[in-house]
Amino acid sequence: MARVRYGARTEAEITASREKSSRLPDIWSTGVVALWESDPDVVAAVLPPPLKPAERPLVRANISKVDLPGYPLGAGSVAVAARHGGVEGWYPLVMPMTHERALIGGREVFGEPKKLGEVEVEREGLVVRASLARHGIAFVEVRGAVDRALPLPEPAAKTDFYFKFLPAVDGSGLDTDPVLVHVTRNEKVRKLEHITGDVVLRESMFDPVADLPVRRIVEITIGEKTTDQKGRVVERVSARALLPYIHQRYDDPLQILDGPPEGSV
C-alpha cells in the first residue's frame with residue numbers, strides 16, 4: 001500500500017525529526033530595535049497578573065528579517081518591560097510573522113501572541129526604515145540613519161513572559177487555568193550600529209500600540225544576531241484573572257466566546 005501521509009509516523013521518524021531540529025545551525029537575522037520610555041500607568045495597565053511593571057516604563061519594538069535558507073522570514077514584536085518575582089524581562093503584546101510556520105510553533109508551544117503580518121527592514125546606504133503592518137496599517141515604523149558603529153555586546157540571556165491557554169469549547173472562557181511561561185533566549189551579536197531617528201506609532205484598532213506613546217527614545221540600533229530559546233512553565237495562573245486581557249491575543253476577542261456554530265463540522 002502506498003504511504004498514507006495522514007497516517008501515524010513511526011517512532012524512528014519522530015526521533016529523526018527531533019534530532020534534525022536539535023542540529024540546526026546558527027540562523028542570523030538583520031534587525032532594527034527601538035527602545036523608548038512610555039507612560040508608567042499605561043505600561044502597568046497592559047500587564048496581566050502576576051506580572052508587574054519593571055523599574056522603568058520601557059517599550060521595545062523589534063523588527064527583523066531572518067535568513068532561513070529558502071524560507072526568508074519577517075519577524076517582529078512590540079513588548080513592554082516587566083518582571084515576575086525576581087526575574088526581569090519583557091511581555092510581548094503582538095508579534096507579527098510573515099509565515100504561518102513561525103506563527104504556529106510559537107503560539108502552540110510557548111503561547112506567544114503571534115499573528116500573520118507584514119514586516120519590512122530596508123536599508124539604502126546609511127538610511128534605514130523598518131515597519132510592522134497588519135490590515136494595511138503600518139502601526140509601527142522606525143526611520144533614521146546610521147551614524148556610528150557600536151561595540152559588540154557579550155552573549156546574553158534575555159527572558160520573555162507568555163501566557164499559554166486555550167479557549168473553552170463551550171464558549172465559557174478558557175478550558176483550564178493558563179500557565180505562565182518563561183522563555184529564555186541566548187543572544188549573540190556579530191554586528192551592531194546606532195541609528196539616529198524616530199519611532200512612529202499609527203492608530204490601529206487591531207494593534208493599538210499607539211496607546212504606548214513615545215515619551216523619550218532611549219536607543220535605536222540595527223544589527224545582526226542569532227538566538228536560541230528554551231521555555232519552561234513556572235506557574236499556573238487564574239483563568240478569571242487573565243480573561244480581561246484575552247483581547248490582546250485576538251483581532252476579534254468575541255470569537256473565543258462564540259462556541260462552535262450549530263451543525264458545524
Evaluate the criterion side-chain contact (heavy atoms from CB on, under 4.5 Å) for residue pair Tyr162 and Val109; output intermediate values, then yes/no.
-> CA-CA 11 Å; Tyr162 303 109; Val109 177; over 6 Å; no
Using a strict 4.0 Å threshold on nitrogen-to-oxygen distance, state whether Arg107 and Glu112 make a salt bridge.
->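 Salt bridge absent between Arg107 and Glu112.
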Taking a hydrophobic cluster as the set of Ile, Leu, Val, Met, Phe, Trp and Tyr residues connected by side-chain heavy atoms closer than 4.5 Å, whether directly or through intermediates, do Leu103 and Leu73 fall within one such cluster?
->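 Result: no, two separate clusters.
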Look at the side-chain heavy atoms of Ile, Leu, Val, Met, Phe, Trp and Tyr, link any pair under 4.5 Å apart, and say whether Ile137 and Met95 land in one connected group.
->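 No, separate clusters.
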Kindly give the heavy-atom pair with the smallest separation between [X] and [Y], and that separation in Å.
| X | Y | answer |
| --- | --- | --- |
| Trp90 | Leu35 | CH2-CD1, 3.5 Å |
| Met205 | Pro208 | O-CD, 4.3 Å |
| Met97 | Ala102 | SD-CB, 4.0 Å |
| Val78 | Val59 | CG1-CG1, 4.0 Å |
| Leu243 | Gly173 | CD1-CA, 4.2 Å |

For Asp251 and His135, test the side chains for any donor-to-acceptor distance below 3.5 angstrom and give the result as yes or no.
->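 The answer is yes; a qualifying pair exists.
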How about Asn62 and Ser64: does a side-chain donor come under 3.5 Å of a side-chain acceptor?
->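 Their side chains do contain a donor-acceptor pair, which is all the 3.5 Å distance test asks for.
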Of Thr159, Asp160, Asp228, which meets side chain to side chain donor-acceptor pair (under 3.5 Å) against Arg185?
->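 Going through the options one by one, the only one that passes is Asp160.
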Take Ile195 and Thr221 through the test side-chain contact (heavy atoms from CB on, under 4.5 Å) and record every step on the way to the result.
-> CA-CA 5 Å; Ile195 293 175; Thr221 60; 6.0 Å; no
Euclidean distance, Tyr91 OH relative to Leu47 CG, rounded to 0.5 Å |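 With rounding to 0.5 Å, CG (Leu47) is 7.5 Å from OH (Tyr91).
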